[in-house]
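Below: the structure, in structure tokens.
Here is the naming used below: chain letters follow the sequence lines, and residue numbers restart at 1 for every chain.
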Amino acid sequence: MDLSAINPILLLASLMVAATPILLAAIGELVVERAGVLNLGVEGMMITGAVCGFIVAVNTGSPWLGFIGAAIGGALLSVIFGVLTQFLLSNQVATGLALTLFGLGLSALMGQGYIGIKAPSFPDWHIPLLGDIPVIGPIIFQHDPMVYLGLGIVAATWAFLKYSRAGLILRAVGENHEAAHALGYHVMRVRMLAIMFGGACAGLGGAYLSLVRVPQWTEGMTAGAGWIALAIVVFASWRPGRLLLGAYLFGGVTVLQLNLQAAGAAIAVEYLSMAPYLATIAVLVIMRAGRAPGSLGQSFHASR
Amino acid sequence: MITLEKRPQPSRIWSLATPLLAVLLTMICGGLLFAALGKNPFETIRTIFLDPLFSEFAWFYRPQLLIKGAPLVLIAIGLSFGFRAGIWNIGAEGQYIVGAICGAAVGLAFYPTESFIIFPLMIIAGILGGTLWAMIPGILKVKFGTNEILVSLMLVYVAEQLMASMALGALRNPDGMGFPGSRNLSQYPSAANLEIISGSGMHWGVVTALIAVIFAYIALSRHIFGFNVRLAGQSPRAAKFAGVNPTAMILICMGLSGGLAGAAGLFEVAGPAGQISIDFNVGYGFTAIIVAFLGRLHPVGILLAGGLMALTYIGGEIAQSNLGLPLAAIQLMQGMLLFFLLAVDVLTNYAVRFGRRQVV
């Protein structure tokens, strides 16, 4: 094995790219869970976003429209989950699983004519001045716009939850839906909006995979990224700041694993490919999760 | 204005009627989907649901029904215990893979010795493999409070990689001219999971699935363990007061579902699949989740649901070859079925009232 073949600057730069899809999906799910809803369908929404974004981008030639299409696709799929869990009061765990199974089938069907096509290119930004700083420039300031949009969404979510009135209501609904209802807040409306935001973010994350990271459409291409996003939300104790840390840690493991494969490590490729999943399990074990939102995963029915 | 009113007790009639209603709704929506794909909806639905049973080639498809149904029922029976108790093992696919690997490894270790003891040893190894793989999320949940949903699911991806490394490495057929995949167990008499009645599709996995259904039925309706499982699911607090040990409950439910999934994997690898290969698993572990819910987590229901789901697999293959229906459409329809089931389930627990809500 030739470790000197691994360039630390490139490694750190690709870490930010590798973390972005999971970061996007996880920030959406974080908002959903803070509203007291456990949506296990992130994987299904991500892959649907991946295929929607790819189809729109290929047909219009614009990656930006692709990302918008992916967000809409993810949000539409999440509406099914929202209607089932909020209005028809179905079990959230089972419905989330159903959403994943449904999303995998739907995406495979939608993407049939698109296998083997290359996505339109999505050029990196080279931020003037900042991008020219040695070492830090290539690591942080020479990525594609979605990397920064993802960071922006995380920052906006943090500010929204911490400082805005709407964020306070959302947290109240998640902590105790009975009390929030008694105060006159619309539990279902808040939760539906949160679920749709989660779906849109998961869709963006999926499209980042199919439009930037790979950039192609293949069936089942998310390969568990949605589930890892769910794990990172738990790791982050439902806080946006720690979410960022979790996603970058995870991105680091993924990138390092890929680099070791490329450098011809003595370990078999299959065992290196296990690393991200094993790292996720290890993180779940080592990190004591903070307190989950009080009403997480419970159905709310007003007449009770 | 439509409002929902919680029933004092779940409706028995609706709890039996909702799976049928869900199947009907799925057929209607599936028909619309097929029409949108440019196929004749009636012909497609008939091909999927009726041709495997009643067409002129049904003699060929009926044994397939048992072969596809057995692993689904076996896995779903195991899952139903955990789901009833609120323990969500959704990594059955991984346990199925590891069971197959362990069982096959034992069989291959004896190659080419012939002995009646080999196949039973393989079954034990398969069950142990699946159980141990399921114990990982179980023990982590008990010891560290980690979420069993996420851990069991992560282990599916780990198991897939493990299988790939086995197919390319340790278990590769030495006479296979370098192709990935193990020796074919179904051509090794002592290790093969043969049909008990030739041409019927009735292999040992089918028998085991039927035995599991009977045992599960007895356990749930006549035994204190089944009562404890139901109690733990419906009211964890009451279960604690009644002396149900939650730690033991988690480990037993995880182990049970893992063991049955491992057995299903072994019967598959020694019979219909024949060898450990990179694409050995086809998603039975995930479809079994649908089967468990469609069967209302009841053993007899699971048996029927497993049959129906096997029907859609076989019918889907027929529709694919005869009508050019994409296989993904069948996967979509299976997901749809679970959605409709969860949606109409509201009728079991809530009564629908029309008109303005009354002030009590």
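Separation of atoms OG1 (A:T100) and CZ (B:F286) is listed at 9.0 Å; rounding is to 0.5 Å. Atom CG of A:L84 sits about 6.5 Å away from atom CG of B:L342, to the nearest 0.5 Å. Atom CE in B:M154 sits 7.5 Å away from atom CD1 in A:I281 (nearest 0.5 Å). A:S107 OG to B:Q331 CD: the interatomic distance, rounded to the nearest 0.5 Å, is 7.5 Å. Distance CG/A:L284 to CG/B:L140: 9.0 Å, rounded to 0.5 Å. Once rounded to the nearest 0.5 Å, the distance linking CG of A:L101 with CZ of B:F339 reads 8.5 Å.
Counting heavy-atom pairs closer than 4.5 Å to chain A, the top residue among B:L153, B:L327, B:I330 is B:L153. Between chain B and the options A:L40, A:L278, A:T95, A:V93, the largest number of non-hydrogen pairs under 4.5 Å is found for A:V93.
In plain terms, the two heavy atoms of B:F293 and A:A94 that are nearest each other are CZ-CB, 3.5 Å. Considering all non-hydrogen atoms of both residues, A:L109 and B:A329 come closest at CD1-N, 3.9 Å. Heavy-atom minimum distance, A:E270 versus B:L168: OE2-CD1, 3.2 Å.
A 4.5 Å side-chain heavy-atom check between A:N91 and B:F83 finds every atom pair outside the cut-off.
Counted within 6.0 Å of CZ on B:R172, heavy atoms from surrounding residues, nucleotides or ligands total more than 12; the atom is thus considered enclosed. Counting non-hydrogen atoms of other residues, nucleotides and ligands closer than 6.0 Å to CE of A:M196 gives a total of 12 or fewer.
Of the two parts of B:L347, neither the backbone nor the side chain holds a non-hydrogen atom closer than 4.5 Å to a non-hydrogen atom of chain A. Only the side chain of A:Y271 comes within contact range of chain B, judged by heavy atoms closer than 4.5 Å. Within the 4.5 angstrom heavy-atom criterion, only side-chain atoms of B:I149, from C-beta onward, approach chain A. The part of B:Y350 that comes within reach of chain A is its side chain, from C-beta onward, which places non-hydrogen atoms under 4.5 angstrom from that chain. Of the two parts of B:I136, neither the backbone nor the side chain holds a non-hydrogen atom closer than 4.5 Å to a non-hydrogen atom of chain A. Contact annotation for A:L99: both backbone and side-chain heavy atoms come within less than 4.5 Å of a heavy atom of chain B.
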Verify side chain to side chain contact (heavy atoms under 4.5 Å, CB included) between A:M274 and B:Y157, making sure each step is shown before the conclusion. CA-CA 7 Å; A:M274 288 177 193; B:Y157 295 99; over 6 Å; no
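Here the side chain of A:Y277 pairs no donor or acceptor atom with the backbone of B:L155 at under 3.5 angstrom.
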